[in-house]
2 protein chains.
Amino acid sequence: MAAERVIGKRDGNGGKKAFWHFWGCGRCCAAPSEETRQQLLAAAFEEIHRFGFQSASISRILKHTGVTKGALYHYFPSKKALGYAVLDEMIRDRMRELWIEPLQQGNPVDVLVDTINTVGRQMTLEDIQLGCPLANLSQEMSAVDEGFRERLDAIYAEWRAGLAAALRRGQQAGQVRGDIDVEATAVMVVATLEGCLAAAKNAQSHKVLMQCGQALIHYLENLRARKEE
Amino acid sequence: MAAERVIGKRDGNGGKKAFWHFWGCGRCCAAPSEETRQQLLAAAFEEIHRFGFQSASISRILKHTGVTKGALYHYFPSKKALGYAVLDEMIRDRMRELWIEPLQQGNPVDVLVDTINTVGRQMTLEDIQLGCPLANLSQEMSAVDEGFRERLDAIYAEWRAGLAAALRRGQQAGQVRGDIDVEATAVMVVATLEGCLAAAKNAQSHKVLMQCGQALIHYLENLRARKEE
DNA sequence: CGCCATTCATACCGGTCGGTATGTTATAGG
DNA sequence: CCTATAACATACCGACCGGTATGAATGGCG
């Protein structure tokens with residue numbers, strides 16, 4: 001008796017599945033149901049960004065995607081695994097693209113100032129209210145779960161190392177003052193960037209973000225090598 | 001039948017209550033059961049500091065204090081009210097004592113450098129792991145609950161205003177460079193302080209805290225007025 | 001003495017949580 | 001054609017959550 005209901009429901013979206021299976025199976029060319037997984041990742045990212053990991057609700061993610069619980073637990077063995085995947089496959093990539101990779105060429109002070117100005121201009125008030133996904137997770141989870149902490153720390157370490165390397169290259173190129181401690185400076189600049197975002201988030205204020213950004217830029221300008229000295 | 005058990009239990013700690021009541025009632029001189037409330041506040045502070053507000057568990061607070069649920073909900077109408085009380089009666093006072101009030105006299109750069117050094121020296125690794133209670137709550141709750149956000153923002157605003165006023169006084173006293181924007185500088189210094197704490201928390205590293213602190217001190221030293229210029 | 005407010009203590013509630021057990025369908029491979 | 005497996009879907013579970021209803025002990029006060 002239950003079978004009839006199930007069959008009826010199945011027919012409703014069975015066509016979609018058949019379509020995807022036309023393109024190949026997960027094993028041979030890695031294509032079809034990957035979409036479901038990506039939907040889940042995207043929705044989980046949103047949910048975690050809004051509520052934090054611990055208060056993120058599996059049921060809400062399911063509701064927003066239309067995916068069922070069986071599907072979710074088919075791809076991710078647990079909520080924690082889903083959180084790790086969001087961190088590894090979404091957040092880390094974004095941080096690399098936005099903050100780390102641009103530092104690999106050019107004058108590091110120019111790159112930083114440009115990025116700060118771009119970010120400050122592009123962020124909407126909603127973006128500001130939600131805050132930096134990396135900083136949010138870091139604040140919430142680093143003391144609670146070691147797996148999160150290690151992953152977060154790896155990203156921050158990569159960021160700091162990239163910035164320190166860029167500053168050192170800048171010193172060798174005569175763009176950056178030679179008397180600064182590049183490691184300590186990198187630590188502080190990353191901390192200040194995240195601190196500015198956090199301050200603006202709490203104040204829900206674009207002005208605070210800009211003030212903080214301008215003061216940081218003022219500091220960064222002071223890192224440039226003096227001419228003829 | 002239930003009455004017997006209750007009476008028996010009551011007698012167990014009834015003596016303590018009689019003792020406290022000897023000192024007076026809550027109405028006439030505000031003393032006795034205030035202790036229970038303070039116990040609750042202290043335990044709630046610990047719980048929130050460790051797990052965040054949303055993941056803080058009323059049952060755990062009850063277990064750690066030995067207080068019952070009836071007692072808790074006698075003093076606080078809801079979990080949120082308890083959280084607000086922790087913020088208003090514990091966290092705010094600590095921030096004022098440690099960071100804001102010292103700025104009211106002396107050379108602001110000296111005061112800041114001293115406080116940073118003191119804090120950096122006194123924080124244990126556990127303190128570092130748990131992070132700044134204010135920053136934790138701010139990151140977690142500002143986008144989720146407006147009551148928390150307002151309270152947190154008031155504390156940050158007070159801090160920034162106090163620092164800006166101190167810097168301005170420093171300018172007038174010829175201790176601080178006159179060409180800096182004191183408001184923007186205050187915003188950034190507060191952001192950097194919290195950012196350093198957050199970075200050290202995630203790295204679980206005293207070294208990161210000291211590096212960040214030293215770089216910030218280096219920046220602060222640069223705010224001093226140049227002699228003979 | 002009697003009444004009433006304070007200060008708790010206990011039992012219980014509906015709801016949500018993450019997680020699982022089982023079933024169904026479609027396709028790939030032999 | 002047969003079997004195995006991927007990819008779901010549904011129903012259900014126990015644990016825990018914040019919150020409440022009820023009542024008992026106690027002491028102040030008229």
Side-chain angles (χ1 to χ4, degrees), chain A residues 1-37 39-40 51 53-63 65-83, chain B residues 1-37 39-40 51 53-63 65-83:
Chain A
M1 45 181 177
E4 293 169 352
R5 279 210 329 276
V6 171
I7 289 172
K9 276 215 163 187
R10 277 292 178 151
D11 289 340
N13 58 2
K16 176 190 164 194
K17 291 306 149 194
F19 172 76
W20 282 110
H21 278 274
F22 174 77
W23 296 90
C25 75
R27 177 103 66 79
C28 56
C29 47
S33 74
E34 187 63 20
E35 182 178 283
T36 301
R37 214 186 97 100
Q39 274 182 39
L40 255 7
F51 300 100
F53 176 75
Q54 297 182 96
S55 299
S57 155
I58 297 283
S59 334
R60 263 196 308 250
I61 294 173
L62 264 21
K63 200 179 293 176
T65 51
V67 171
T68 61
K69 198 169 270 199
L72 189 149
Y73 279 94
H74 173 70
Y75 290 105
F76 304 97
S78 67
K79 184 188 180 186
K80 199 191 281 187
L82 176 60
Chain B
M1 47 179 175
E4 294 170 347
R5 281 212 326 278
V6 171
I7 290 172
K9 277 215 166 189
R10 277 290 177 154
D11 288 342
N13 58 2
K16 176 189 161 194
K17 293 303 152 196
F19 171 77
W20 282 109
H21 276 273
F22 174 76
W23 295 90
C25 77
R27 177 103 65 80
C28 56
C29 49
S33 73
E34 188 62 21
E35 183 180 282
T36 301
R37 214 187 97 100
Q39 275 182 39
L40 255 8
F51 301 100
F53 175 77
Q54 296 182 96
S55 299
S57 156
I58 298 282
S59 337
R60 264 198 306 252
I61 294 173
L62 264 20
K63 200 178 293 176
T65 51
V67 171
T68 62
K69 197 169 271 198
L72 189 149
Y73 278 93
H74 172 69
Y75 290 104
F76 305 97
S78 67
K79 182 188 180 186
K80 200 191 279 187
L82 176 60

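A note on names: the letters A, B, ... follow the listed sequences, proteins ahead of strands, and every chain is numbered from 1. Computed from a predicted structure; not experimentally measured.
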message: Among residues at least two apart in sequence or on other chains, which ones pass side-chain contact (heavy atoms from CB on, under 4.5 Å) with B:Ser57?
response: B:Glu47, B:Ser59, B:Arg60

statement: Of all heavy-atom pairs linking A:Leu72 and A:Val67, the shortest is N-CG1, 4.2 Å

task: Indicate the atoms forming the closest heavy-atom contact of B:Ile58 with B:Lys69, along with that distance.
output: CG2-CE, 4.5 Å

For nucleotides 16-18 of chain C, tabulate all protein N/O to nucleotide N/O atom pairs closer than 3.5 Å, reporting atom names and distance.
from, atom 1, to, atom 2, distance (Å)
C:dC17, OP1, A:Ser57, OG, 3.0
C:dC17, OP2, A:Ser59, OG, 3.0
C:dG18, OP1, A:Ala56, O, 2.9
C:dG18, OP1, A:Lys79, NZ, 3.1
C:dG18, OP2, A:Ile58, N, 3.1
C:dG18, N7, A:Lys69, NZ, 3.4

task: Verify the contact: side-chain N or O of B:Tyr75 to OP1 or OP2 of C:dT6, cut-off strictly under 4.0 Å; return yes or no.
output: no

query: How many angstroms lie between atom OH of B:Tyr75 and atom CG of B:Leu40, to the nearest 0.5 angstrom?
result: 8.5 Å

task: Could you list the residues that satisfy side-chain hydrogen bond (donor to acceptor under 3.5 Å, both in side chains) with B:Lys80, not counting sequence neighbours?
output: B:Asp145

message: Looking at D:dC8, I'd like to know if its phosphate oxygens (OP1 or OP2) sit under 4.0 Å from a side-chain N or O belonging to A:His74.
response: no

query: About how many Å separate CD of A:Gln54 and NZ of A:Lys79, when rounded to the nearest 0.5 Å?
result: 7.5 Å

query: Which nucleotide, C:dT7, D:dA9, C:dA9, lies nearest any side-chain atom of B:Thr68?
result: C:dA9

field: Whole-Å gap separating C1' (C:dT10) and CG (B:Leu62)
entry: 12 Å

Nearest-Å distance for atom pair CZ/P, residues B:Phe76 and D:dG19: 13 Å

query: Atom CZ of A:Arg37 to atom C1' of D:dA7: distance rounded to whole Å?
result: 14 Å

